[in-house]
Number of protein chains: 2
Amino acid sequence: MFKWDFEELKVQIGLYIRKYRLVSSLSQFQLAIEIGLSKDYIGLIERGKTNPTLEILVDISNYINLDLSFAILKKSESELNSLKIEIKELEKKFKNQNKRKS
Amino acid sequence: MFKWDFEELKVQIGLYIRKYRLVSSLSQFQLAIEIGLSKDYIGLIERGKTNPTLEILVDISNYINLDLSFAILKKSESELNSLKIEIKELEKKFKNQNKRKS
């Protein structure tokens, strides 16, 4: 049975939330408004710097179409590295989209 | 992508925590002491009546050898019914063990 280190789990969940928020083309601010949280709190969750409740995790996951059970399933170092690369690409794309809008 | 209803998820997680606590031959009181929570709070979690933080879920899961990701994976009605039957059997066994001890 795999035992999570809480610090590592927070970071992994945060990465998945960031990825699926970007896939949903949402800013932290937009997501925060939808869930009824502050932009700063979404930032803390995405950086693995806070201890969210189960309800907050469910609300966020449902809104951005993230499978919560999958986000909590332990990933290998290489899977996490791929995820980080994917996030960087998504962030670039997201910034460019928003430039075109303004 | 499966979207959890928060009320249903709380109940499912509570059932798995009850099962694995009993498999670990722990009373709610014993588990509560180990995790630094009250017995009543463990009872609330097991009955799906509270909104625990991620850290509490990790602490409990690690202590009773429950795979948290598995506990959050959506189960069918029949899987939940089997789980409830299993819990009843475990509760009987646990009560009998404690009778013999006293």
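Below, read A as the first sequence line, B as the second, and so on, with proteins coming before strands; counting in each chain starts at 1.
- Of the atoms belonging to A/Ile13, it is side-chain heavy atoms, and not backbone ones, that fall under 4.5 Å from chain B.
- Taking 4.5 Å as the limit, every side-chain heavy atom of B/Leu54 sits out of range of all side-chain heavy atoms of A/Thr53.
- The local environment of CZ in A/Phe2 is crowded, with over 12 non-hydrogen atoms from other residues, nucleotides or ligands closer than 6.0 Å.
- Across B/Glu55, B/Lys10, B/Lys3, the residue that shares the most heavy-atom pairs under 4.5 angstrom with chain A is B/Glu55.
- Proximity to chain A is limited to the side chain of B/Leu57, based on heavy atoms less than 4.5 angstrom apart.
- Nearest approach of A/Val58 to B/Trp4, heavy atoms of both residues: CG1-O, 3.7 Å.
- Annotation: the span from B/Ser69 atom OG to A/Leu73 atom CG amounts to 4.0 Å, rounded to 0.5 Å.
- For the atom pair CG of B/Asp59 and CZ of A/Phe6, the computed distance is 8.0 Å after rounding to the nearest 0.5 Å.
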